[in-house]
Amino acid sequence: MDINVVNALTYEDFVKLFGNVVEKCPLISAAIWSHRPFKDLADIEAHITEFIIRLPDSGKAGILRCHPDLAGRDLQSGTLTRESQEEQSRAGMTTLDSAEVLQMYRLNSEYKERFGFPFVICARLNKKADIVGQLSERLKNDRAAERERAIEEVKKICSLRLRNIVLSDIQTKL
Ligand SMILES: NC(=O)NC1=NC(=O)NC1=O
């Protein structure tokens with residue numbers, strides 16, 4: 001998708017297209033729309049990253065809280081966003097056996113209890129074993145370090161979602 005097409009989008013179409021590059025945080029795309037015209041895809045990504053890293057810790061924790069658990073309630077009830085559904089199924093979260101679902105539930109609960117926000121990882125860059133390993137490993141972090149670590153994962157998810165949109169045909173999205 002040509003960057004000139006992106007720059008010509010109305011605000012509504014821009015947010016319709018990019019509103020979920022950070023899970024359930026359309027505010028971010030609504031905010032960076034002010035920075036158009038964008039030079040290229042990397043420029044869009046840079047403005048999103050800038051918006052996120054300038055947030056106070058509470059804002060970063062808020063972004064994390066907008067993410068559905070991996071193999072959690074939303075997955076079981078079919079209420080994931082299209083992007084999350086695709087990411088979680090590709091990471092093998094939809095083919096866990098009952099013991100694995102219980103293990104993810106327990107680890108996610110322990111993590112949320114400790115940090116006050118859910119465990120977030122870029123599912124498309126990790127397989128099931130990596131996810132369980134990372135979740136166990138990152139539980140040992142302190143809160144500040146873990147919040148920053150999780151935001152790095154949000155940026156990876158965002159980057160892949162942005163590429164999906166810009167490299168696909170704009171007409172199928174609007
Ligand atoms: N808690 C999560 O990490 N959720 C997710 N990561 C992804 O890549 N997609 C999700 O839904």
Side-chain angles (χ1 to χ4, degrees), residues 15-29 32 41-42 44-46 48-49 51-53 55 57-168 173:
V15 174
K16 195 186 288 184
L17 201 55
F18 294 103
N20 204 45
V21 290
V22 176
E23 181 69 4
K24 297 187 180 168
C25 292
L27 161 71
I28 299 175
S29 294
I32 67 142
L41 170 65
I44 299 176
E45 194 170 340
I48 292 172
T49 299
F51 181 93
I52 293 174
I53 59 179
L55 287 172
D57 291 345
S58 60
K60 291 174 181 170
I63 286 179
L64 297 173
R65 294 186 191 116
C66 288
H67 285 70
D69 284 349
L70 288 165
R73 193 180 49 244
D74 282 336
L75 178 77
Q76 309 306 337
S77 59
T79 53
L80 287 174
T81 59
R82 180 180 52 77
E83 294 89 345
S84 278
Q85 179 65 44
E86 193 178 306
E87 289 150 357
Q88 293 208 25
S89 57
R90 281 174 65 163
M93 294 294 108
T94 51
T95 54
L96 301 181
D97 63 32
S98 52
E100 289 169 322
V101 171
L102 188 58
Q103 180 189 35
M104 283 299 292
Y105 175 76
R106 284 186 175 143
L107 285 170
N108 274 320
S109 303
E110 186 182 349
Y111 181 101
K112 262 184 271 190
E113 185 65 33
R114 174 167 165 70
F115 294 116
F117 47 77
F119 173 74
V120 177
I121 192 169
C122 182
R124 280 176 60 181
L125 298 178
N126 290 278
K127 285 291 166 244
K128 182 168 61 176
D130 310 316
I131 289 171
V132 175
Q134 282 282 305
L135 183 35
S136 310
E137 196 53 38
R138 285 167 49 186
L139 262 170
K140 301 169 190 164
N141 287 342
D142 69 41
R143 182 191 294 252
E146 185 48 27
R147 185 172 49 241
E148 290 311 306
R149 177 78 183 73
I151 285 294
E152 286 309 305
E153 294 300 310
V154 170
K155 291 179 197 170
K156 292 176 194 170
I157 297 168
C158 174
S159 183
L160 292 175
R161 289 186 180 186
L162 264 174
R163 272 157 184 68
N164 255 4
I165 294 166
V166 179
L167 297 182
S168 68
K173 299 274 183 182

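Whatever order the structure lists them in is the order used to number ligands and atoms, beginning at 1. Remember, predicted model here, so these are calculated numbers, not experimental data.
Residue Arg73 places its CZ atom among 12 or fewer non-hydrogen atoms of other residues, nucleotides or ligands, all under 6.0 Å distant. Shown here is Phe51, whose CZ atom has more than 12 heavy atoms of other residues, nucleotides or ligands within 6.0 Å.
If you number the atoms of ligand 1 from 1 as listed, the ones under 4.0 Å from a heavy atom of Phe119 come out as 1 (N), 2 (C), 3 (O). Ligand-side atoms of ligand 1 in range of Ile157: 6 (N), 7 (C), 8 (O), range being under 4.0 angstrom from any heavy atom. With ligand atoms numbered from 1 in the order given, ligand 1 contributes 10 (C), 11 (O) to contacts under 4.0 Å with heavy atoms of Ser84.
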One pair to check against side-chain hydrogen bond (donor to acceptor under 3.5 Å, both in side chains): Gln88 and Thr94. What are the steps and the verdict? CA-CA 7 Å; Gln88 293 208 25; Thr94 51; over 6 Å; no
Worked check of side chain to side chain contact (heavy atoms under 4.5 Å, CB included) between Val166 and Phe18: CA-CA 10 Å; Val166 179; Phe18 294 103; 4.1 Å; yes
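Ranking protein heavy atoms by distance to atom 4 (N) of ligand 1, first place goes to Pro68 O, 3.2 Å. The nearest protein atom to atom 8 (O) of ligand 1, hydrogens excluded, is given as Ala123 N, 2.9 Å; this is a heavy-atom distance. Atom 5 (C) of ligand 1 has its closest protein heavy atom at Leu70 CD2, 3.8 Å.
With contacts defined as side-chain heavy-atom distances shorter than 4.5 Å, the pair Glu153/Gln134 does not qualify.
Within the 4.0 Å heavy-atom shell around ligand 1 one does not find Pro118.
Below 3.5 Å of separation, one finds no N or O of Arg124 facing any N or O of ligand 1. Between Ile121 and ligand 1, an N or O atom pair is found at a separation short of 3.5 Å. Considering backbone and side-chain atoms alike, Val120 places every N or O at 3.5 Å or more from each N or O of ligand 1. At least one N or O atom of Glu87, backbone or side chain, sits closer than 3.5 Å to an N or O atom of ligand 1.
Scored by the side-chain contact (heavy atoms from CB on, under 4.5 Å) test, Ala129 finds no partners at all (sequence neighbours excluded).
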